[in-house]
Amino acid sequence: MRFESEHVHKDGSRFWVESSVRVIDIDGEKYFQNIARDISGRKQAEAMLRDRERRLSEAQRLAKLGSWSWDVASGDVYWSEELFRIFGYDQKLPVPAYEEYLAMYQPGSRVMFELGVDQARYAGQANEFDLELLAKADSPKWVTARFEAVRNNEGRIVAIRGTIQDISERKRQEAQLHVASREVSDLYNNAPCGYHSLDKDGVIVSINYTDLT
């Protein structure tokens with residue numbers, strides 16, 4: 001039997017021990033043998049790693065940015081927690097199949113995603129695209145997808161990795177600004193009185209339709 005336990009030194013400091021216990025036979029008598037090893041350093045490293053992972057997960061959540069990787073040889077795919085949230089998948093379930101994932105994109109964006117993967121895999125080219133997902137309840141969703149290749153010591157491409165960032169709010173704001181700009185332009189050009197602007201040399205740089213007529 002092997003187990004880990006926490007202990008306290010005489011000075012009050014704590015340390016961790018890994019114990020390996022077995023039964024041995026010596027001259028017909030059975031004895032318990034316990035081999036103990038101080039694993040405080042390993043426990044501290046594990047705690048630091050968990051803390052870094054927690055901080056990374058929190059940073060991704062705040063930025064609405066998830067990460068992924070694909071091992072070319074094994075086919076293993078990794079998704080971060082935030083990537084599951086962005087696409088509405090249960091984190092307790094396996095990463096969805098590639099075709100199922102691609103089906104979430106608009107047809108044109110689907111082609112661009114596959115292009116990004118292929119260029120990274122076969123040419124080692126990094127890319128970034130704004131892609132549109134299939135709308136849910138008339139609420140368009142956009143993401144920025146980034147791709148890059150991972151090479152081994154011999155320079156061979158062994159994996160593809162990237163990030164997906166939810167930019168839906170930015171896209172909505174851009175659309176609202178575009179509508180507002182178009183309305184202002186329409187009011188300027190079709191005003192009942194003429195408008196024009198001059199530069200410092202007296203050259204007309206803008207003029208509305210009313211003034212032209």
message: Within the 3.5 Å criterion, strictly below it, is a donor on Ser206 or Ser197 matched to an acceptor on the partner's side chain?
response: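 Side-chain D/A pair, Ser206 to Ser197: present.
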field: Donor-acceptor side-chain pairing of Tyr98 and Glu114 below 3.5 angstrom
entry: no
Are any non-hydrogen side-chain atoms of [X] and [Y] less than 4.5 angstrom apart?
X	Y	result
Asp166	Lys141	yes
Arg146	Leu65	yes
Arg42	Glu4	yes

message: Run the side-chain contact (heavy atoms from CB on, under 4.5 Å) test on Glu128 and Thr144 for me, step by step, so that the C-alpha distance in whole Å, both residues' side-chain angles and the decisive distance to 0.1 Å come before the verdict.
response: CA-CA 7 Å; Glu128 177 179 316; Thr144 294; 3.6 Å; yes
Within 6.0 angstrom of [X] [atom1], more than 12 heavy atoms from elsewhere:
X	atom1	answer
Gln91	CD	yes
Tyr195	OH	no
Asn153	CG	no
Phe15	CZ	yes

Side-chain ion pair, Arg161 and Asp71, N-O less than 4.0 Å: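 No.
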field: Mutual orientation of the aromatic rings belonging to Trp79 and Phe87 [parallel < 30°, tilted 30-60°, perpendicular > 60°]
entry: tilted
query: Should the pair Phe113 and Phe147 be assigned to parallel (<30°), tilted (30 to 60°) or perpendicular (>60°) ring geometry?
result: perpendicular
task: Can you see which heavy atom on Gly66 is nearest to which on Ser80, and at what distance?
output: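 Heavy atoms only, the tightest pair is CA-OG, 3.4 Å.
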If only atom types and distance count, is the side chain of [X] paired as donor or acceptor with the main-chain N or O of [Y] below 3.5 Å?
X	Y	result
Ser168	Trp142	yes
Arg110	Tyr105	yes
Ser40	Trp16	yes

